[in-house]
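Take a look at the structure below.
Note that the structure is predicted; figures quoted are calculated from it, not measured. Each residue takes its place number in the sequence, starting with 1.
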Amino acid sequence: MTRRTEWPDGPGRPERPDRPDSGAPSLSRAEQGSPPGPEEQARAICLRLLTGTPRTRKQLADALRTRGIPDDAAQEVLSRFEDVGLIDDAAFAEAWVESRHHSRGLARRALARELRTKGVDATLIDDAVGQLDAGQEEQTARELVERKLRATRGLDREKRIRRLAGMLARKGYSEGLALRVVRCALEEEGEDTELLERHLPDL
């Protein structure tokens with residue numbers, strides 16, 4: 001009778017070739033190690049950039065272009081992100097206006113300029129800055145001057161006026177509004193109205 005040889009476990013046991021799991025397709029090494037396609041790369045880049053920081057479509061498009069993503073793949077991914085609400089330039093513009101006006105005191109003109117640099121559409125910019133009416137803008141200008149007023153005490157009148165009005169101008173306030181607010185603040189502090197009339201028109 002033929003005796004079946006049983007191999008003991010251990011170093012003398014012949015190795016059996018590994019077999020793939022039943023029903024699972026095997027992948028070649030080239031397939032397993034293939035780099036991600038441009039759309040997959042674009043998705044990963046956009047998700048990373050959007051984590052914790054809203055961005056406009058143009059900001060993301062510029063980032064993808066810088067990283068060498070082909071335009072067709074970039075536009076496909078960006079449009080998909082817009083469809084699901086991950087990119088929303090209108091919401092971005094509204095939040096930007098709200099935040100920058102209250103934290104920095106920026107006027108509508110300065111806010112619009114910032115949004116243009118971020119690639120927001122002109123119509124969306126108009127809608128966003130329209131949140132601020134003239135009365136709210138003037139009130140913010142008054143608060144800015146009141147905070148700065150004490151630091152200008154001791155300066156001569158002309159330099160003081162220029163410094164206060166210049167601060168408002170840098171934040172996007174019109175010259176007329178800036179001069180009106182500065183004049184009002186100085187009058188309330190006790191400055192001579194006639195002397196103010198002599199200096200303010202020269203600005």
Side-chain angles (χ1 to χ4, degrees), residues 15-138 140-141 143-144 166-175 177-178:
E15 296 181 359
R16 294 180 179 178
D18 292 333
R19 295 180 179 178
D21 293 337
S22 177
S26 60
L27 298 176
S28 67
R29 291 184 179 179
E31 289 174 323
Q32 291 174 340
S34 59
E39 287 191 13
E40 188 176 345
Q41 293 180 53
R43 282 195 296 272
I45 292 169
C46 288
L47 288 172
R48 186 168 63 251
L49 291 175
L50 287 168
T51 301
T53 306
R55 298 176 191 269
T56 66
R57 177 168 178 144
K58 181 180 184 300
Q59 287 177 306
L60 293 171
D62 290 344
L64 294 178
R65 190 175 301 111
T66 299
R67 289 163 174 77
I69 303 297
D71 283 345
D72 56 345
Q75 295 308 315
E76 175 67 24
V77 170
L78 293 173
S79 294
R80 203 174 305 152
F81 272 44
E82 279 187 328
D83 290 342
V84 299
L86 290 174
I87 301 175
D88 188 337
D89 282 4
F92 177 95
E94 291 175 4
W96 186 269
V97 168
E98 177 74 14
S99 172
R100 298 284 284 177
H101 179 72
H102 289 293
S103 66
R104 297 286 305 280
L106 298 185
R108 288 174 290 185
R109 185 167 58 182
L111 292 166
R113 184 169 58 246
E114 288 186 342
L115 289 171
R116 280 195 297 272
T117 66
K118 297 182 180 302
V120 179
D121 181 79
T123 302
L124 298 180
I125 292 175
D126 290 342
D127 291 342
V129 299
Q131 298 177 75
L132 300 176
D133 59 33
Q136 184 177 357
E137 196 173 53
E138 182 166 345
T140 301
E143 292 170 359
L144 289 169
M167 178 268 296
L168 291 179
R170 288 190 296 275
K171 291 181 179 291
Y173 293 90
S174 68
E175 183 181 37
L177 174 60

Show me the side-chain donor-acceptor pairs of residues 57-69 shorter than 3.5 Å, one per line, residues at least two apart or across chains.
unit_1: R57; atom_1: NH1; unit_2: S79; atom_2: OG; d: 3.4
unit_1: R57; atom_1: NH1; unit_2: E82; atom_2: OE1; d: 2.7
unit_1: R57; atom_1: NH2; unit_2: Q75; atom_2: OE1; d: 2.6
unit_1: R57; atom_1: NH2; unit_2: S79; atom_2: OG; d: 3.3
unit_1: K58; atom_1: NZ; unit_2: D62; atom_2: OD2; d: 2.8
unit_1: Q59; atom_1: OE1; unit_2: T56; atom_2: N; d: 2.9
unit_1: Q59; atom_1: OE1; unit_2: T56; atom_2: OG1; d: 3.4
unit_1: D62; atom_1: OD1; unit_2: R65; atom_2: NH1; d: 3.0
unit_1: T66; atom_1: OG1; unit_2: D62; atom_2: O; d: 2.9
unit_1: R67; atom_1: NH1; unit_2: A63; atom_2: O; d: 3.2

Practice problem: Mind listing the closest non-hydrogen atom pair of G172 and R109 along with its distance? | Solution: O-NE, 3.3 Å
Exercise. Not counting sequence neighbours, which residues clear side chain to side chain donor-acceptor pair (under 3.5 Å) with E76? List them please.
Key: R80
Quiz item: Are E39 and V77 side-chain neighbours, meaning at least one heavy-atom pair lies under 4.5 Å?
Solution: yes
Exercise. With sequence neighbours excluded, tell me which residues meet side chain to side chain donor-acceptor pair (under 3.5 Å) with E137.
Key: R108
Quiz item: Between I87 and D89, does a side chain to side chain contact (heavy atoms under 4.5 Å, CB included) hold up when you go through it step by step?
Solution: CA-CA 6 Å; I87 301 175; D89 282 4; 4.0 Å; yes
Would you give me the side-chain donor-acceptor pairs under 3.5 Å for residues 118-130, sequence neighbours excluded?
unit_1: D121; atom_1: OD2; unit_2: T123; atom_2: N; d: 2.9
unit_1: D121; atom_1: OD2; unit_2: T123; atom_2: OG1; d: 3.4

Quiz item: Which residues pass the side chain to side chain donor-acceptor pair (under 3.5 Å) test with E40, sequence neighbours left out?
Solution: none
Practice problem: Identify the heavy atoms of Y173 and G105 that sit nearest to each other, and give their distance. | Solution: OH-O, 2.7 Å
Practice problem: Find the distance between CG (L49) and OG1 (T51) and round it off to the nearest 0.5 Å. | Solution: 8.0 Å
Practice problem: With sequence neighbours excluded, tell me which residues meet side chain to side chain donor-acceptor pair (under 3.5 Å) with R104. | Solution: none
Quiz item: Do you know the tightest heavy-atom contact between L168 and A141?
Solution: CD2-O, 3.9 Å
Quiz item: What heavy-atom pair brings R100 and L111 nearest, and what distance separates the two atoms?
Solution: CB-CD2, 3.4 Å
Exercise. For R113, check salt bridge (Lys or Arg N to Asp or Glu O under 4.0 Å) against everything at least two apart and list the hits.
Key: none
Quiz item: Which residues satisfy the side-chain contact (heavy atoms from CB on, under 4.5 Å) test with E143, sequence neighbours excluded?
Solution: Q139, R147
Practice problem: Would you please name every residue forming a ring-ring contact (aromatic ring centres under 6.0 Å, His included) with F81, sequence neighbours left out? | Solution: none
Quiz item: If only atom types and distance count, is the side chain of T140 paired as donor or acceptor with the main-chain N or O of Q136 below 3.5 Å?
Solution: yes
Quiz item: Quick one: ring-ring contact (aromatic ring centres under 6.0 Å, His included) pairs with a partner in residues 39-66, sequence neighbours left out?
Solution: none
Exercise. Report yes or no: does S103 contribute a side-chain atom to a donor-acceptor pair with the main-chain N or O of S99 at less than 3.5 Å?
Key: yes
Quiz item: Can you check whether E98's main-chain N or O pairs, donor with acceptor, with Q131's side chain at less than 3.5 Å?
Solution: no
